[in-house]
Amino acid sequence: MKRVDHAAKAEKFVGDTKHIEFHDKRLWELRTSRDTEVHGIPEWEELRSLASAIKGHTLTHLADYLEEFERNAVANGVVVHWAKDAEEHNRIVHQILSERGAKLLVKSKSMLTEECEMRPYLEARGITVVETDLGEQIQQRDNEMPSHIVVPAVHKLATDVAKVFAKTIGTDPNESSIPALAEAQRQVTRPLILKADAGMTGCNFAVAETGGITVCTNEGNADLSANVPPLHIASIGIEKLIPKLEHLGVFIRMLSRSALGSPITQYTSHFRGPRAGGELHYVLVDNGRSARLAMDDFWYSLKCIRCGACMNTCPVYRRSSGLSYGGVYAGPIGAIINPTFDLKKYSLLPFASTLNGSCTNVCPVKINIHEQIYKWRQIVAEKRELPFVKQSAMKVAGQVLSSPKLFRAAVEVADTAVAKLPRAVLYNPLNVWGKQRELPEAPKQTFRDWFLERSKK
């Protein structure tokens with residue numbers, strides 16, 4: 001498996017001034033909108049602590065709550081399936097569809113189905129899958145993964161979308177009005193929803209007490225996907241469980257505020273049983289979650305409610321885009337989750353971070369994100385998954401930093417010799433650090449020299 005090189009993937013995006021400026025500005029707007037909403041709720045920190053505690057309790061009693069959820073869902077008339085991994089999830093969904101002769105599936109946004117690579121699996125077996133979320137459909141038509149958990153096509157400008165739609169649905173390539181583009185997508189998608197054989201949604205929260213699920217969207221496409229076709233399939237990660245209906249209010253208050261800086265999503269939809277004459281199937285998916293639950297340092301990441309707040313605040317993500325992470329999950333949370341699937345492939349992602357802690361500060365369920373990223377760095381180094389150049393550099397740095405004499409000597413050399421070196425020595429293809437940075441001018445005096453000088457007075 002080829003290692004994902006975040007820096008190399010980010011290079012093209014970083015070099016495009018218009019895209020990077022828009023991306024950075026748009027995501028920071030979401031972060032500041034989040035702050036405005038949060039500051040309007042005096043009990044916000046209490047809500048964070050409560051949400052974290054609810055998730056922690058659920059995860060440490062997960063087997064019991066999963067059985068309770070299944071029992072109540074079956075009593076409501078839902079058919080419940082269990083999938084140990086992505087392949088089994090896809091096989092179950094295909095079997096449900098093929099047994100009913102379904103050829104057209106419309107679906108709302110679901111990171112889990114992206115994780116399972118369900119769409120290409122079904123399409124290879126003759127089933128057409130249509131993403132009804134605007135951002136997801138843009139990415140589907142452009143043959144790209146989502147670049148953000150909540151706003152999948154946030155890395156694209158309206159002019160980019162115009163080109164994608166011109167190629168795939170025949171719109172004017174020069175028409176970059178956002179309302180016009182959204183209306184074009186709507187006109188193409190609505191007829192497909194009306195004639196679809198089946199609909200699929202993800203799940204934001206699954207309530208053990210009721211056997212019901214809650215789906216939060218801003219476009220209403222989940223309601224259409226779930227209610228217009230006769231068959232509704234919900235793909236549910238087992239970590240989405242919460243114990244009681246009364247707990248749902250805590251998370252609903254936090255989700256959209258953290259994600260978009262809005263008080264609530266436009267549509268907060270609840271599904272508990274099949275509609276009259278229809279079918280409702282739940283597919284409960286593990287796909288590595290049980291293994292992560294057993295990881296002492298990383299099980300906390302299962303608390304994640306997929307709000308994307310950590311991505312909106314991360315200076316690395318905002319300037320490199322989600323596609324540079326090479327996986328379904330990007331940003332700080334992706335740097336934690338992706339290595340649990342394949343450590344070798346994603347071994348460089350924990351280094352795509354400044355460890356500034358902003359991600360942890362905004363997380364609505366208090367996941368210690370930056371600490372987990374740092375722990376992954378330790379594991380990557382221990383398992384010797386670092387590239388040779390980085391291993392060598394770290395070894396030298398460790399020797400210098402652990403020896404006061406060597407460190408002081410290195411500082412003196414940096415102050416004199418390095419500043420006089422030709423630019424080509426410092427800024428060349430071998431020095432990745434220098435690609436986007438200028439070496440700062442060295443201060444005239446080190447802190448140690450200043451301190452010793454003052455001590456003599």
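The figures that follow rest on heavy atoms only: side chains count, while hydrogens, waters and symmetry mates do not.
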Does the side chain of [X] come under 3.5 Å of the side chain of [Y] through a donor N or O and an acceptor N or O?
{"X": "Arg34", "Y": "Ser258", "value": "no"}
{"X": "Asp160", "Y": "His155", "value": "no"}
{"X": "Glu117", "Y": "Asn90", "value": "no"}
{"X": "Trp82", "Y": "Glu70", "value": "yes"}
{"X": "Ser347", "Y": "Arg3", "value": "yes"}
{"X": "Gln372", "Y": "His370", "value": "no"}
{"X": "Ser256", "Y": "Ser262", "value": "yes"}
{"X": "Glu136", "Y": "Gln140", "value": "no"}
{"X": "Gln137", "Y": "Thr189", "value": "yes"}
{"X": "Ser52", "Y": "Ser49", "value": "no"}

For a side chain to side chain contact (heavy atoms under 4.5 Å, CB included) check, start with the C-alpha distance between Phe205 and Ile305, then their side-chain angles and the critical distance, and finish with the verdict. CA-CA 8 Å; Phe205 307 102; Ile305 61 172; 4.0 Å; yes
Give a yes or no on whether the backbone of [Y] and the side-chain of [X] come within a donor-acceptor separation of less than 3.5 Å.
{"X": "Glu144", "Y": "Gln139", "answer": "no"}
{"X": "His247", "Y": "Lys244", "answer": "yes"}
{"X": "Asp223", "Y": "Tyr267", "answer": "no"}
{"X": "Asn312", "Y": "Ala259", "answer": "yes"}
{"X": "Arg275", "Y": "Val228", "answer": "yes"}
{"X": "Asn76", "Y": "Val78", "answer": "no"}
{"X": "Glu246", "Y": "Leu248", "answer": "no"}
{"X": "Thr313", "Y": "Cys310", "answer": "no"}
{"X": "Glu219", "Y": "Leu134", "answer": "yes"}
{"X": "Arg31", "Y": "Leu27", "answer": "no"}

If you round to the nearest 0.5 Å, how far is [atom2] of [Y] from [atom1] of [X]?
{"X": "Met311", "Y": "Ile333", "atom1": "CE", "atom2": "CD1", "value": "9.5 Å"}
{"X": "Asn204", "Y": "Thr265", "atom1": "CG", "atom2": "OG1", "value": "7.5 Å"}
{"X": "Leu122", "Y": "Leu105", "atom1": "CG", "atom2": "CG", "value": "6.5 Å"}
{"X": "Ile238", "Y": "Asp286", "atom1": "CD1", "atom2": "CG", "value": "4.0 Å"}

Check against side chain to side chain contact (heavy atoms under 4.5 Å, CB included), Val130 and Leu104: CA-CA 8 Å; Val130 177; Leu104 175 59; 3.9 Å; yes
Quick one: do [X] and [Y] make a salt bridge, cutoff under 4.0 Å?
{"X": "Glu382", "Y": "Arg377", "answer": "no"}
{"X": "Glu45", "Y": "Arg48", "answer": "yes"}
{"X": "Glu43", "Y": "Arg253", "answer": "yes"}
{"X": "Lys156", "Y": "Asp142", "answer": "yes"}
{"X": "Arg318", "Y": "Asp24", "answer": "yes"}
{"X": "Lys109", "Y": "Glu114", "answer": "no"}
{"X": "Arg71", "Y": "Glu67", "answer": "no"}
{"X": "Lys107", "Y": "Glu131", "answer": "yes"}
{"X": "Asp16", "Y": "Lys12", "answer": "no"}
{"X": "Glu115", "Y": "Arg289", "answer": "yes"}

Considering all heavy atoms, the nearest [X]-[Y] contact:
{"X": "Ala162", "Y": "Leu181", "answer": "CA-CD2, 3.9 Å"}
{"X": "Ser320", "Y": "Val316", "answer": "OG-O, 2.7 Å"}
{"X": "Val164", "Y": "Ile138", "answer": "CG1-O, 4.1 Å"}
{"X": "Met200", "Y": "Ser235", "answer": "CE-CB, 4.4 Å"}
{"X": "Pro229", "Y": "Leu224", "answer": "CD-O, 3.4 Å"}
{"X": "Tyr346", "Y": "Gly327", "answer": "OH-CA, 3.8 Å"}

[X] vs [Y] side-chain heavy atoms within contact, under 4.5 Å:
{"X": "Leu323", "Y": "Phe13", "answer": "no"}
{"X": "Pro243", "Y": "Ile54", "answer": "yes"}
{"X": "Lys195", "Y": "Pro191", "answer": "no"}
{"X": "Cys304", "Y": "Val365", "answer": "no"}
{"X": "Thr210", "Y": "Asn72", "answer": "no"}
{"X": "Glu239", "Y": "Val285", "answer": "no"}
{"X": "Phe165", "Y": "Asp172", "answer": "no"}
{"X": "Val4", "Y": "Lys9", "answer": "yes"}

Please assess Ser33 against Thr36 for the test side-chain hydrogen bond (donor to acceptor under 3.5 Å, both in side chains), listing each intermediate value before the final yes or no. CA-CA 5 Å; Ser33 296; Thr36 301; 5.9 Å; no
Take His89 and Asn287 through the test side chain to side chain contact (heavy atoms under 4.5 Å, CB included) and record every step on the way to the result. CA-CA 9 Å; His89 166 270; Asn287 200 37; over 6 Å; no
Would you please indicate if the ring centroids of [X] and [Y] are separated by under 6.0 Å?
{"X": "Tyr282", "Y": "His81", "value": "no"}
{"X": "Tyr317", "Y": "His23", "value": "yes"}
{"X": "Tyr65", "Y": "His57", "value": "yes"}
{"X": "Trp376", "Y": "Phe298", "value": "yes"}

Neighbour count >12 (heavy atoms, 6.0 Å) for atom CG, Leu343: yes
Decide if atom CD of Glu46 counts as having more than 12 heavy atoms of other residues, nucleotides or ligands within a radius under 6.0 Å. no
What do the steps show when you test Thr217 against Asp133 for side chain to side chain contact (heavy atoms under 4.5 Å, CB included), and what is the final call? CA-CA 9 Å; Thr217 66; Asp133 175 88; over 6 Å; no
